[in-house]
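First up is the structure itself, then whatever we jot down about it.
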Amino acid sequence: MRLFDTYSRGLVELPPLPGPIRMYFCGPTVYQRIHIGNARPFVLSMWMKRWLEQSGYDVRLAENITDINDKIYRAAPGASAELAAAASRWYVEDTDLLGLGRPDHEPKATETIPEIVELIGKLVDGGLAYPAGGDVYFRVAAFPEYGRLSGREGDHKALHNPSEEAEREELKQDPRDFALWKAHKEGEDTVWESPWGPGRPGWHIECSAMAEKFLGPVFEIHGGGNDLVFPHHENELAQSRGAGSEFARIWMHNGMLELTGEKMSKSLGNIVPLRDAVEEWGRETILLFFLTAHWRKPIHLSDAVLAQARAQAETFRNYFVGLEHEPEEPERDELARVLDDDFNTPDALALFHDWRTRGRTASLLWGLALFGLGSLAEAASAPADLVALAEKRSKARASRDFDEADRLRGAIEEQGWEVRDVADGFELVPK
RNA sequence: GGCGCCGUGGCCGAGAGGUUAGGCAGAGGCCUGCAAAGCCUCGUACACCAGUUCGAAUCUGGUCGGCGCCUCCA
């Protein structure tokens with residue numbers, strides 16, 4: 001399998017079976033319910049995990065939850081820990097709605113403080129970081145590779161990491177330097193001890209620490225939204241390599257989900273909560289919506305596009321209505337051909353339709369289930385009173401009383417079900 | 001302004017130097033008591049302008065347009 005890697009800007013081959021494939025994906029900062037755009041890397045990572053495992057790889061996926069952040073302090077003054085804990089639960093709840101399973105590890109920053117402090121200490125000892133005014137900063141000048149990942153190597157202006165406050169900026173030796181540890185400030189209601197004084201970790205260092213803690217000093221894939229390339233991932237890479245770890249070998253950055261021509265983001269306020277979208281459209285529609293676009297491209301959210309995804313869900317669902325099939329081997333190679341080529345899910349979807357029209361039930365069932373869409377094959381059973389109505393309608397039809405038959409069909413439809421006449425009787429399907 | 005991604009038929013969206021992608025919507029037909037579902041048929045698209053080539057939507061240059069990052073952000 002090969003994947004497009006941001007660092008080398010080309011396709012990179014995965015190691016041979018059985019791996020291991022160790023993956024780290026950046027999860028959300030938790031201070032409110034996640035939106036559907038936040039779900040994209042989650043969905044991508046779980047699909048990748050499922051496909052790689054299906055392919056025979058030994059996979060380990062870690063996906064962090066950032067529960068220390070300015071946004072959290074600001075959103076819940078005096079109760080940031082409570083908000084972060086609640087929002088972490090919401091995140092798990094909401095992503096569980098997708099039915100894709102969980103990553104192997106979902107570490108939180110607050111549970112990784114000793115490792116973070118240790119990593120910062122290592123960087124300070126190695127001359128790659130320096131304490132200043134209770135903060136600790138990464139010394140970018142000591143890491144020549146800085147800017148390589150984001151393609152802005154040498155451009156000092158583009159590599160500037162501004163401090164939150166002007167007076168903090170003066171503590172830095174170089175505008176590019178960024179905080180690894182931030183001294184405790186008035187109004188922040190969580191604080192941890194460190195050799196440099198009380199405070200809390202910077203954003204980037206937590207990922208470096210968590211990745212190493214759960215995956216080791218080198219791992220195969222690092223993923224996240226492409227809005228994280230700079231500064232977040234650039235800084236992670238600098239910290240971890242600066243501390244002597246090889247770190248990630250392939251960088252997978254997914255495209256943004258856009259609403260009305262703009263990236264959906266919590267700070268812009270143009271958000272559709274994942275939970276609401278799943279409730280309104282159903283989980284299969286949301287998954288199919290993600291499946292229609294290649295992971296690297298931007299994807300536009302609109303009712304029209306969701307309606308198309310829902311129509312596809314119906315098409316698959318209809319295929320399975322009343323279907324019996326012989327167990328047979330899925331045509332794995334056909335799916336591998338498209339997924340092993342940069343995980344081309346739109347091509348996979350085309351293949352599923354091909355399998356559908358050619359009646360390859362076993363393959364279709366297997367392929368859909370891989371992406372969490374196996375439920376499309378599950379027939380809902382109608383309540384007994386509706387079955388009785390449908391039977392009554394069959395009798396009416398048999399005696400050619402079509403007015404009565406149509407009346408009964410209307411009654412069934414009023415209850416949200418549709419009756420279809422088939423060769424040996426009828427089928428009841430939800431509308 | 002700098003760095004990067006992208007512009008495909010009504011809509012979504014792969015692909016890729018010469019051969020039907022696929023889906024959704026739409027039209028006609030078959031089937032049906034009528035429907036639904038299903039099946040068959042129908043679209044000759046690749047932003048624009050130059051260039052390379054026997055041949056480009058696919059390569060090169062430019063133009064226009066969209067998006068992301070450069071501030072927290074999946």
Side-chain angles (χ1 to χ4, degrees), chain A residues 4 6 9 25-29 31 34-45 63 66 69-72 74 147 150-164 203 223-234 253-258 261-268 271 274 288-289 291-294 296-300 302 304-312 314-319 321-322 338 341-342 344-354 356-357 396-398 400-403 405-406 409-410 413 418-423 426-427 429 431:
Chain A
F4 187 89
T6 306
R9 295 182 203 298
F25 268 69
C26 280
T29 298
Y31 59 98
I34 64 157
H35 60 69
I36 182 169
N38 292 313
R40 199 172 189 192
F42 176 84
V43 170
L44 175 64
S45 66
E63 205 151 330
T66 295
N69 184 281
D70 288 327
K71 294 255 167 161
I72 305 172
R74 242 173 280 144
S150 57
R152 48 190 90 191
E153 220 172 352
D155 184 346
H156 281 227
K157 213 177 148 200
L159 291 172
H160 184 197
N161 277 297
S163 294
E164 286 145 28
W203 177 35
N226 67 11
D227 54 348
L228 296 182
V229 177
F230 188 87
H232 188 51
H233 288 165
E234 193 73 69
H253 288 110
N254 62 269
M256 292 294 99
L257 185 144
E258 296 167 10
E262 274 178 320
K263 161 175 125 168
M264 180 177 293
S265 86
K266 288 182 261 192
S267 39
L268 289 172
I271 64 166
L274 173 64
L288 245 359
F289 162 70
L291 202 64
T292 56
H294 184 97
R296 222 149 17 92
K297 291 208 170 182
I299 182 168
H300 297 264
S302 69
V305 164
L306 287 169
Q308 288 185 19
R310 186 170 58 190
Q312 296 205 52
E314 282 314 301
T315 301
F316 285 120
R317 206 174 258 127
N318 282 331
Y319 173 79
V321 171
V338 295
D341 184 13
D342 203 22
N344 193 331
T345 59
D347 246 359
L349 181 58
L351 177 62
F352 294 164
H353 281 292
D354 180 56
R356 177 179 59 78
T357 37
R397 289 183 69 227
R400 305 195 63 80
D401 182 356
F402 296 122
D403 287 344
D406 290 347
R409 173 161 58 202
E413 278 174 5
E418 179 182 295
V419 64
R420 294 177 186 167
D421 297 321
V422 294
F426 61 84
E427 297 281 358
V429 294
K431 282 198 86 160

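These values consider heavy atoms only, across backbone and side chains, with no hydrogens, waters or symmetry-generated copies. Every chain is numbered from 1 and lettered A, B, ... according to where its sequence line falls, protein lines coming before strand lines.
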Is E258(A) reaching over with its side chain to a backbone N or O of H300(A), donor-acceptor style, under 3.5 angstrom? no

What about Q312(A): does its side chain form a donor-acceptor pair under 3.5 Å with the base of G23(B)? no

Less than 4.0 angstrom between a side-chain N/O of N318(A) and OP1 or OP2 of A37(B), yes or no? no

For the backbone of V419(A) and the side chain of R409(A), can you confirm whether one donor and one acceptor N or O come within less than 3.5 Å of each other? no

Hey, does the side chain of N344(A) come within less than 4.0 Å of G15(B)'s phosphate (OP1/OP2), counting only N and O? yes

Between C1' on C5(B) and CZ on F230(A), what's the gap in Å once rounded to a whole number? 18 Å

At what distance, to the nearest 0.5 angstrom, does NZ of K71(A) lie from OH of Y31(A)? 4.0 Å

Interatomic distance at P, G43(B) relative to A50(B), whole Å: 30 Å

G33(B), C67(B), C11(B): which one has an atom nearest the side-chain heavy atoms of A405(A)? G33(B)

F426(A) CZ - U32(B) P separation (whole Å): 20 Å

Under 4.0 Å between a side-chain N or O of T315(A) and OP1 or OP2 of C24(B)? yes

May I ask you to verify whether the side chain of R409(A) and the base of C34(B) hold a donor-acceptor pair under 3.5 Å? yes

Hunt down any stem RNA chain B takes part in, defined as 3 or more consecutive Watson-Crick or G-U pairs whose two distances are each under 3.5 Å. B:1-7 with B:64-70, B:10-12 with B:22-24, B:26-30 with B:38-42, B:47-51 with B:59-63

Between A35(B) and R420(A), counting only base atoms on the nucleotide and side-chain atoms on the residue, is there a donor-acceptor pair under 3.5 Å? no

Can you tell me how far P in C24(B) sits from the matching atom in C39(B), rounded to whole Å? 9 Å

Have a look at S150(A) and say if it touches a base, only the backbone sugar-phosphate, or nothing, with a 4.0 Å heavy-atom cut-off. sugar-phosphate

Using the C1' atoms only, state how far C42(B) lies from G9(B), rounded to an integer number of Å. 14 Å

Ignoring backbone atoms, establish whether T29(A) has a side-chain N or O less than 4.0 Å from OP1 or OP2 of A74(B). yes

When you compare U19(B) with G23(B), how far apart are their C1' atoms, in angstrom units rounded to a whole number? 22 Å

Say we look at A37(B) and C30(B): how far apart would their C1' atoms be, to the nearest angstrom? 14 Å

Which is true for R9(A) with a 4.0 Å heavy-atom rule: it touches a base, it touches only sugar-phosphate, or it touches nothing? nothing

Euclidean distance for C1', U53(B) against A14(B) (whole angstrom): 26 Å

Any side-chain N or O of K297(A) under 4.0 Å from OP1/OP2 of C12(B)? no

Could you measure between the two C1' atoms, the one in G17(B) and the one in G29(B), and give it in whole Å? 39 Å

Can you measure R310(A) atom CZ to C24(B) atom P for me and round it to whole angstrom units? 14 Å

Side-chain N or O of K157(A) closer than 4.0 Å to phosphate OP1/OP2 of C3(B): no

Counting distance alone, no hydrogens or angles: does the base of C34(B) have a donor or acceptor under 3.5 Å from a partner atom on the side chain of D421(A)? yes

Is any N or O donor-acceptor pair between the side chain of D406(A) and the base of G33(B) shorter than 3.5 Å? yes

C1' spacing across the pair G15(B) / A74(B), given as an integer number of angstrom: 28 Å

Under the salt bridge (charged side-chain N to carboxylate O under 4.0 Å, His left out) test, residues paired with E262(A) that sit two or more places apart: none

Applying a 4.0 Å non-hydrogen cut-off, can you work out what G37(A) is touching in the nucleic acid: base, sugar-phosphate, or nothing? base

